[in-house]
Student: 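Encoded as structure tokens, here's the structure I'll be asking about.
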Amino acid sequence: MASKKIAVIVGSLRKQSLNRKMALSLMACAPSTLSLEIVEIGQLQLYNQDLDDEGQPPAGWVAFRERMQQFDGVLFVTPEYNRSVPAPLKNAIDVGSRPYGKSIWSGKPGAVISVSPGAIGGFGANHHLRQSLVFLNVPAMQQPEAYIGGASHLFDEAGNLTSDSTRTFIQGFMNHFAEWVAANS
Ligand code: FNR
């Protein structure tokens with residue numbers, strides 16, 4: 001079976017981001033039916049509807065929209081900022097959702113994993129994001145839910161995942177996601 005192409009979107013721009021380390025760990029343990037790539041969002045200009053309405057979208061928006069068209073699904077890996085998603089992630093969602101009627105998200109199966117040093121694992125961000133995904137017509141995997149707390153203790157200095165129980169969990173998560181993508185493509 002040909003593998004499904006999955007865009008991995010990381011909600012943090014930080015060099016030492018725990019979410020980016022988790023994204024790389026998720027990619028490393030994914031089944032061969034998925035082919036995953038990180039799509040960067042930090043370069044996207046802040047969304048301003050005038051630029052679309054006037055037919056002058058920035059080149060970065062156009063490139064992002066074109067690139068995202070090539071994917072069969074999307075995996076969001078996000079921190080929680082003030083009980084919601086970080087602004088760069090919301091901006092990428094908004095940029096991808098327009099011009100009206102040309103959203104790059106619609107119909108793409110998705111999944112959400114939130115990662116935080118805190119105890120509740122970014123639950124608020126995870127569910128704020130899910131609220132947008134309902135509107136965007138992204139079929140978002142329900143189970144397993146993934147709120148990864150205490151994340152500052154999960155990686156070594158080189159960014160390798162050191163927790164066996166977390167590795168077992170994320171392997172199961174990615175296996176379920178592969179089934180979800182196959183069922184919803
Ligand atoms: C945070 N952080 C945070 N953590 C959390 O669990 N819930 C929250 O609401 C917030 N709010 C918040 C706001 C802002 C502006 C910052 C900068 C940070 C802490 C956050 O989880 C921590 O910095 C993570 O390490 C961010 O993820 P990355 O960058 O490591 O992937």
Side-chain angles (χ1 to χ4, degrees), residues 6-30 34-48 60 64 67-68 71 73-97 104-105 108-136 138 140-174 176-177 180:
I6 306 297
V8 180
I9 300 198
V10 179
S12 171
L13 307 184
R14 200 166 72 87
K15 286 193 289 289
Q16 287 300 320
S17 165
L18 297 166
N19 281 271
R20 184 170 289 264
K21 290 171 186 170
M22 180 58 73
L24 295 171
S25 302
L26 289 159
M27 292 164 73
C29 74
L34 298 181
S35 158
L36 299 105
E37 288 172 45
I38 292 179
V39 176
E40 301 294 345
I41 59 172
Q43 77 289 0
L44 294 172
Q45 189 172 318
L46 281 181
Y47 189 71
N48 177 346
F64 177 72
R67 183 152 181 227
M68 286 300 299
F71 291 95
V74 59
L75 174 63
F76 295 95
V77 189
T78 187
E80 177 172 272
Y81 276 12
N82 300 309
R83 297 287 182 260
S84 185
V85 294
L89 175 53
K90 184 59 166 58
N91 187 51
I93 289 169
D94 295 342
V95 167
S97 72
I104 50 96
W105 307 112
K108 277 190 174 59
V112 179
I113 181 163
S114 51
V115 178
S116 172
I120 56 177
F123 174 90
N126 192 306
H127 281 263
H128 256 190
L129 177 52
R130 286 173 182 275
Q131 180 173 317
S132 295
L133 298 183
V134 171
F135 181 69
L136 293 168
V138 170
M141 186 170 74
Q142 306 297 311
Q143 293 289 340
E145 298 163 275
Y147 318 108
I148 310 294
S152 46
H153 305 296
L154 297 180
F155 301 94
D156 66 17
E157 296 220 332
N160 301 305
L161 184 64
T162 54
S163 163
D164 290 338
S165 61
T166 303
R167 182 174 301 98
T168 300
F169 175 78
I170 66 170
Q171 276 168 345
F173 182 90
M174 293 308 286
H176 279 285
F177 183 46
W180 182 256

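What's counted below: heavy atoms across the whole structure, side chains too, no hydrogens, waters or symmetry copies. Please read these numbers as outputs of a predicted model, since none were measured by experiment. Count residues from 1 along the sequence. Both ligands and their constituent atoms are indexed starting at 1 by order of listing.
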Student: Taking the six-membered ring where the residue is Trp, are the ring centres of Y147 and H127 under 6.0 Å apart?
Tutor: yes

Student: For A92 and F64, which heavy atoms make the closest approach, and how far apart are they?
Tutor: O-CE2, 3.6 Å

Student: Could you name the protein residues that come within less than 4.0 Å of ligand 1, counting only heavy atoms, and order them by chain and residue number?
Tutor: S12, R14, S17, L18, N19, P79, E80, Y81, N82, R83, S116, P117

Student: Heavy-atom distance under 4.5 Å between the side chains of M27 and M174, does that happen here?
Tutor: no

Student: Give a yes or no answer on whether the side chain of K108 reaches the backbone of M68 with a donor-acceptor pair at less than 3.5 Å.
Tutor: yes

Student: Restricting to non-hydrogen atoms, name the atom on R130 and the atom on A140 that form the minimum distance, rounded to 0.1 Å.
Tutor: NH1-CB, 4.1 Å

Student: For Q143, check side-chain contact (heavy atoms from CB on, under 4.5 Å) against everything at least two apart and list the hits.
Tutor: E145

